[in-house]
Amino acid sequence: MQMKANTDVGPNYMQSIQRKVLLNGEEYIPEKNENVSKENNEATEDEFVRYYENKKEVLDHIDNKEPGNYGLIKPRALWYRIPYLNKKFFVFGESHAAVKGSQIKTESHITKPILDEKLSGWQAEDMINNQLVDELDAGLDENSSKLLRALEMWSVHVRSKPTVGGTGAIDLPKISKGETSTREKENGTYRLVVYGEDGSEEYWKPSGSNEVPQNTYDPQTQMLDAIESLFSKVFSEEIKNSFDKFPNGVIVGKAWGHFKDKSWVGHEKETLIKQNVSRFLYDAAKFKVSSEYGKLGEIGDIKTKDEKWNADNYRDEFMFLRILKAKDGGFSFASIGNAHLVRLKDRFNEKNIPCISMEDFYGSYAVDAVDTKKIAHKNSPVFRKNQRMMLWLKSAFRYILICSKSILIRLIIMMLVSLFLAERCPNWSRKMRFLARRIGISRS
């Protein structure tokens, strides 16, 4: 069943719910004699809300781990339902710092392989010789263009001035009056922001955790790892033999040796050495990617290259071509960086390949998987004031229970406290009935 934008699972629907596992909006509780898994019981008790359309979906997803088009991303407190997933090949525009395609595959128990941008990719000869992998999860990027992108990033990094004293804290988005949550989009993390304990906004934290869900995407570390891994693959023959066919080939070989050894560490000219190494490796990679792209000129619907192109221009074309080759194969979907998808979306539409960008995902196919209205209420200053008051009352009543056996005295004190609370605690009457039952003056 296709999920319509903000209808079956919309924000207003979400705010009215305080339960855990739902079947068409109704609470699901396993029957006493029903043999369900440990995971099923845990799902009915944890803090997350799951939206299923029928009981079969519950058992298929939680107990039997059957492939489906729905799932729960706990670190981002998100429940999703993607209409094409497990049904038709599509392109997913992931945020590397938030929801990744690999997470969608795992949480929806997808058994078919996916094309994934983060995995080690392919080379022109693989496509020309029909040797592309399609039985396992496979890299979407062409290796030389991905290497060029990593070297572009490193080049900028080694030429920029170092940050002194770190960077300032990211400003949280302001929650409009009347709302109970929003999503922080800084750096593409899409972390959930809710009302904090003092009524201001703060990042949502999982129960029992003092830490907010982290951004696991570290471009600096991944950049250097990518250079080392990809350079060895892209230039495997040159490393064995020589870089003679490249401009400044001898120097390129020496630059690669410096990079592998990290010979700049502790050197008084560290910055200058890194700048020189990055420049010669970058020049070699740009020469290589241009050559690789030329080999595919007669294959597929790719653009004529421009000498002014940067790495992402090449990557867009290589990934577009790889997806065209994969759409009728055995892949479930392709997971591509959202920026790439935005640039390529019109061309995918022309080829009748469905696309889901991050904006589509959060706007139409995903909802908060925690009750933000309930969180906002519990974190409100009024609620916390009342909680402190009730703790005081409970302590006082325990003392009364210990010190007095007279029900009449208990009643008198209850009446006095009730008058005191009448204007200070909106739910005082319900709370007082509860306490009355606890201390033995009511049997109702």
Side-chain angles (χ1 to χ4, degrees), residues 1-15 51 69-105 107-108 110 114-118 140 170-176 179-194 201 203-204 213 215-217 219 312 315-316 319-320 323 327 332-370 372:
M1 180 183 293
Q2 253 193 2
M3 179 179 166
K4 298 178 181 179
N6 296 327
T7 54
D8 297 340
V9 185
N12 294 329
Y13 179 69
M14 180 70 189
Q15 290 177 1
Y51 298 90
N69 67 338
Y70 40 79
L72 173 67
I73 305 292
K74 289 184 179 180
R76 289 294 177 266
L78 275 176
W79 175 265
Y80 64 86
R81 185 180 290 268
I82 299 175
Y84 313 111
L85 186 59
N86 200 41
K87 298 177 182 179
K88 182 179 181 179
F89 181 84
F90 69 100
V91 182
F92 179 70
E94 72 168 41
S95 171
H96 303 317
V99 177
K100 304 178 182 68
S102 54
Q103 288 176 298
I104 297 289
K105 177 182 178 178
E107 299 304 328
S108 294
I110 301 301
I114 66 170
L115 279 174
D116 194 341
E117 183 185 326
K118 77 171 184 291
L140 180 56
I170 297 172
D171 290 333
L172 289 171
K174 299 300 178 183
I175 300 177
S176 302
E179 294 179 350
T180 56
S181 69
T182 190
R183 289 277 168 182
E184 176 259 351
K185 296 183 181 179
E186 185 73 27
N187 297 321
T189 61
Y190 288 91
R191 285 180 286 206
L192 181 63
V193 178
V194 295
E201 63 273 11
Y203 289 121
W204 166 81
N215 172 10
T216 57
Y217 181 59
D312 275 346
R315 293 176 71 209
D316 284 351
M319 287 193 279
F320 181 70
I323 288 170
K327 70 182 182 70
S332 177
F333 64 94
S335 185
I336 185 173
N338 193 59
H340 295 289
L341 178 58
V342 170
R343 293 191 292 266
L344 294 170
K345 194 170 185 178
D346 289 343
R347 293 167 68 185
F348 284 132
N349 289 337
E350 291 173 1
K351 299 295 182 181
N352 296 315
I353 300 176
C355 301
I356 295 179
S357 66
M358 271 289 101
E359 293 74 22
D360 298 329
F361 180 72
Y362 281 94
S364 300
Y365 305 116
V367 291
D368 295 338
V370 291
T372 57

Side-chain contact test, heavy atoms from C-beta onward, threshold under 4.5 Å: evaluate it for S95 versus N338 and give yes or no. no
Heavy atoms of Y80 and L85 approach each other most closely as CE1-CD2, 4.2 Å
Side chains of T182 and E201: does their closest heavy-atom pair fall under 4.5 Å? no
Which residues satisfy the side chain to side chain donor-acceptor pair (under 3.5 Å) test with K351, sequence neighbours excluded? D301
Using the ring centroid of each side chain, check whether F89 and Y84 are separated by less than 6.0 Å. no
If you take all heavy atoms of A369 and L72, which pair is closest and at what distance? CB-CD1, 3.4 Å
Intermediate values then yes/no, side chain to side chain donor-acceptor pair (under 3.5 Å), K118 and S102: CA-CA 9 Å; K118 77 171 184 291; S102 54; 3.0 Å; yes
So, K100 side chain and H96 main chain: donor-acceptor pair closer than 3.5 Å or not? yes
Would you confirm whether R191, through its side chain, and P213, through its main-chain N or O, come within 3.5 Å as a donor-acceptor pair? yes
Test your reading of the model: is there a side-chain donor-acceptor pair from E94 to the backbone of G101, 3.5 Å cut-off? yes
So which atom in F92 and which in V99 form the shortest heavy-atom distance, rounded to 0.1 Å? CE2-O, 3.9 Å
Using side-chain heavy atoms (C-beta onward) and a distance below 4.5 Å, is I114 in contact with I104? no
Salt bridge between R315 and E117, side-chain N to carboxylate O under 4.0 Å? yes
Within 45° of the ring axis of Y51 and under 6.0 Å from its six-membered ring centre, is that where the NZ or CZ of R81 lies? no
Heavy-atom distance under 4.5 Å between the side chains of V194 and V370, does that happen here? no
Does a side-chain heavy-atom distance below 4.5 Å link E184 with Y190? no
Centroid-to-centroid, F333 to F90, below 6.0 Å? yes
Side-chain contact test, heavy atoms from C-beta onward, threshold under 4.5 Å: evaluate it for E107 versus L78 and give yes or no. no
Which residues pass the ring pair (Phe, Tyr, Trp, His ring centres under 6.0 Å) test with Y70, not counting sequence neighbours? Y52, H61
Could you tell me whether D360 and K345 have a side-chain N and a carboxylate O separated by less than 4.0 Å? yes
